[in-house]
2 protein chains.
Amino acid sequence: MITLAEENYLKAILSISLNEGGKVSTNAIANEIGTSAASVSDMLKKLQEKKLIKYKKYKGVELSESGQNKAINILRKHRLWETFLVNKLGFNWSEVHDVAEQLEHIQSAELIDRLDIFLEHPKFDPHGEPIPTKEGEIPSTNTTPLNELQVNTKGKIMGVSLDEKDFLDYLTKLNITIGTEITLLEKISFDKSLSIKIANTKQHISNDVAKHLLIKIS
Amino acid sequence: MITLAEENYLKAILSISLNEGGKVSTNAIANEIGTSAASVSDMLKKLQEKKLIKYKKYKGVELSESGQNKAINILRKHRLWETFLVNKLGFNWSEVHDVAEQLEHIQSAELIDRLDIFLEHPKFDPHGEPIPTKEGEIPSTNTTPLNELQVNTKGKIMGVSLDEKDFLDYLTKLNITIGTEITLLEKISFDKSLSIKIANTKQHISNDVAKHLLIKIS
DNA sequence: TTATATTTTTAGAGTAGTCTAAAAATTTAT
DNA sequence: ATAAATTTTTAGACTACTCTAAAAATATAA
């Protein structure tokens, strides 16, 4: 049986490797989980023992096949629960992360199958992130972070790659949500901030915000 | 903050005192939780420390007001989740206990408020057991265990007081479910077993089964 | 009421996870 | 290529919970 702490480590390793690719460092995991590098080292030994990761001391870590399956399944559960919380219970998209972090650890394959049916097999969660299939496929989204677009490109916001309350509340304040049409007007080279147009209104956002907005060019 | 283990102890103490009344013994708790009396003794000290129980060594234990509030809230969550699983996800009433035992520990008052609304404020769970209100009231049901009825009494099954798969599956096999009309035909004094009539068919059940069937006399 | 049985508590130890401090390995910079 | 900085691991300790075995308290029965 896998423990709650182990599940959180697998999830962290998956999340980092989806963002950066390649081997994952001890410090990166410590940072993601909010613990010490020493604790991570300890845990990596246990996960290695259980064949959930491939790990050589000082050389970084990657998920084994079974570890990846488990991690993707947790991600699937997280995103299905977020969809349930927003679509069925009426939560705001900025309020669901913490509860979903608890719900994702409930152990019952039957429950998730039925939840998926109840939600009518959603492909994307309320943040536009793809929900892995039961088979472990993560549908690709064909989107580009806003900060990588060229000036004068027009597109539509398909999702956000950060699930933090402050960030999502700020987007709401900017009138940015999924489906919003957006035009990139100007890139300021000094601080990499951007001028954008939304609903015929000009706005200015930082690079930190822009890089988490996923755009489909139209 | 309250831990998962602590929640399970509070729940066990509540459950025993609802069934038997009065002080709860160390052994009864050990038995309910499936652990050793030594572990229970240890934990009682911690719960006492946190003012969740009233406890004197060797003298049994009862919940404090705050302990009782917490325990009733867990019971409320358990029964709301069971209702969700059966009414919304289509689980059978015999399949939901284990999953609800996990879900009852999710920490979010907002989640339970919204779930209650989503389910349209149910008063009873799929086993006919009353769902405590947000304020901690447990509605009384005015029912009698079948084995306490007098011979030739007619009534309707309003609920069951045991949530175990084997038991519920057996009831289903007997064509017994909530709402079923039932007549007590005969009590066998030798083994306290009962003859009953359901849908014009005579059947015979043990006292162990009968005592968990809650009847409203008609 | 004194012996016996039962229940409960204490003592000591083990596991899973966490921490800080220090040692070891690796990377970076001169 | 060696020194300095950074990263990672080890060592030792702490908390929460569990266990078995033994001691202490309580209940029961002759």
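Note that this is a predicted model, so its numbers are computed, not measured. By convention in this document, chain letters (A, B, ...) are assigned in the order of the sequence lines, proteins followed by strands, and residues within each chain are numbered from 1.
By the side-chain contact (heavy atoms from CB on, under 4.5 Å) test, A:N207 is found to be paired with A:N147, A:K192, A:K211, residues two or more places apart in sequence or in another chain being considered. Shown here are the side-chain contact (heavy atoms from CB on, under 4.5 Å) partners of A:N92, two or more places apart in sequence or in another chain: A:S94, A:E95. Residues that satisfy the salt bridge (Lys or Arg N to Asp or Glu O under 4.0 Å) test with B:K88, not counting sequence neighbours, are absent from this structure. A:N8 is linked by a side chain to side chain donor-acceptor pair (under 3.5 Å) to A:H105, counting only residues two or more places apart in sequence or in another chain. Looking at residues two or more places apart in sequence or on another chain, you find a side-chain contact (heavy atoms from CB on, under 4.5 Å) between A:H97 and A:H78, A:E82, A:E101, A:D163. Not counting sequence neighbours, the partners of A:S195 by the side chain to side chain donor-acceptor pair (under 3.5 Å) test are A:H204.
Taking atom CG of B:L4 as the reference point, atom P of C:dA16 lies 17 Å away to the nearest angstrom. Atom CE in A:M1 sits about 17 Å away from atom C1' in C:dT15, given to the nearest Å. Note: CG (A:L47) to P (C:dA16) measures 12 Å, nearest angstrom. Nucleotide C:dA16 holds its P atom 17 Å from the CG atom of A:N8, rounded to whole Å. Going from atom NZ of A:K56 over to atom C1' of C:dA25 covers 16 Å, rounded to whole Å. If you take CD of A:E7 and C1' of C:dA16, they are 15 Å apart, rounded to a whole angstrom. As rounded to whole Å, 11 Å separates atom C1' of D:dT9 from atom CG of A:L44. Rounded to an integer number of Å, the gap from CD1 of A:I2 to C1' of C:dA16 is 14 Å.
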Distances under 3.5 Å only, N/O to N/O: pair up the protein atoms with those of nucleotides 23-25 of chain D.
| from | atom 1 | to | atom 2 | distance (Å) |
| --- | --- | --- | --- | --- |
| D:dA25 | O4' | B:Y58 | OH | 3.4 |

Considering only nitrogen or oxygen atoms on both sides, find all protein atoms under 3.5 Å from nucleotides 18-21 of chain C and state each distance.
| from | atom 1 | to | atom 2 | distance (Å) |
| --- | --- | --- | --- | --- |
| C:dT18 | OP2 | A:Y9 | OH | 3.4 |
| C:dC19 | OP2 | A:T35 | OG1 | 2.4 |
| C:dC19 | OP2 | A:S36 | N | 3.3 |
| C:dC19 | OP2 | A:S36 | OG | 3.3 |
| C:dC19 | OP2 | A:S39 | OG | 2.6 |

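For the atom pair CG (A:L103) and CG (A:L115), the distance works out to 9.0 Å, reported to the nearest 0.5 Å.
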Without placing hydrogens or testing angles, list every side-chain donor-acceptor pair under 3.5 Å for residues 19-29 of chain A, not counting sequence neighbours.
| from | atom 1 | to | atom 2 | distance (Å) |
| --- | --- | --- | --- | --- |
| A:N19 | ND2 | A:S15 | O | 3.4 |
| A:S25 | OG | A:A28 | N | 3.1 |

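Within the structure, every pair that satisfies the salt bridge (Lys or Arg N to Asp or Glu O under 4.0 Å) test and touches residues 103-120 of chain B, not counting sequence neighbours, is listed here: B:K11-B:E104, B:R76-B:D116, B:E110-B:R114, B:D113-B:K134. Sorted by first then second residue, the side chain to side chain donor-acceptor pair (under 3.5 Å) pairs that include residues 42-51 of chain B, not counting sequence neighbours, are B:E6-B:K50.
OP1 or OP2 of D:dT10 has at least one side-chain nitrogen or oxygen of A:K45 nearer than 4.0 Å. Between B:S41 and C:dT10, a side-chain N or O to OP1/OP2 separation shorter than 4.0 Å is absent. In this structure, B:K57 does not reach the D:dT26 phosphate: none of its side-chain N or O atoms is under 4.0 Å from OP1 or OP2. Not one side-chain nitrogen or oxygen of A:N27 sits closer than 4.0 Å to the OP1 or OP2 atom of D:dT6.
In the displayed structure, B:Q150 atom CD is contacted under 6.0 Å by at most 12 heavy atoms of other residues, nucleotides or ligands. Within a 6.0 Å sphere centred on CG of B:D191, heavy atoms belonging to other residues, nucleotides or ligands number more than 12.
Listed in residue order, the members of residues 18-26 of chain A having a heavy atom less than 4.0 Å from DNA chain D are A:S25, A:T26.
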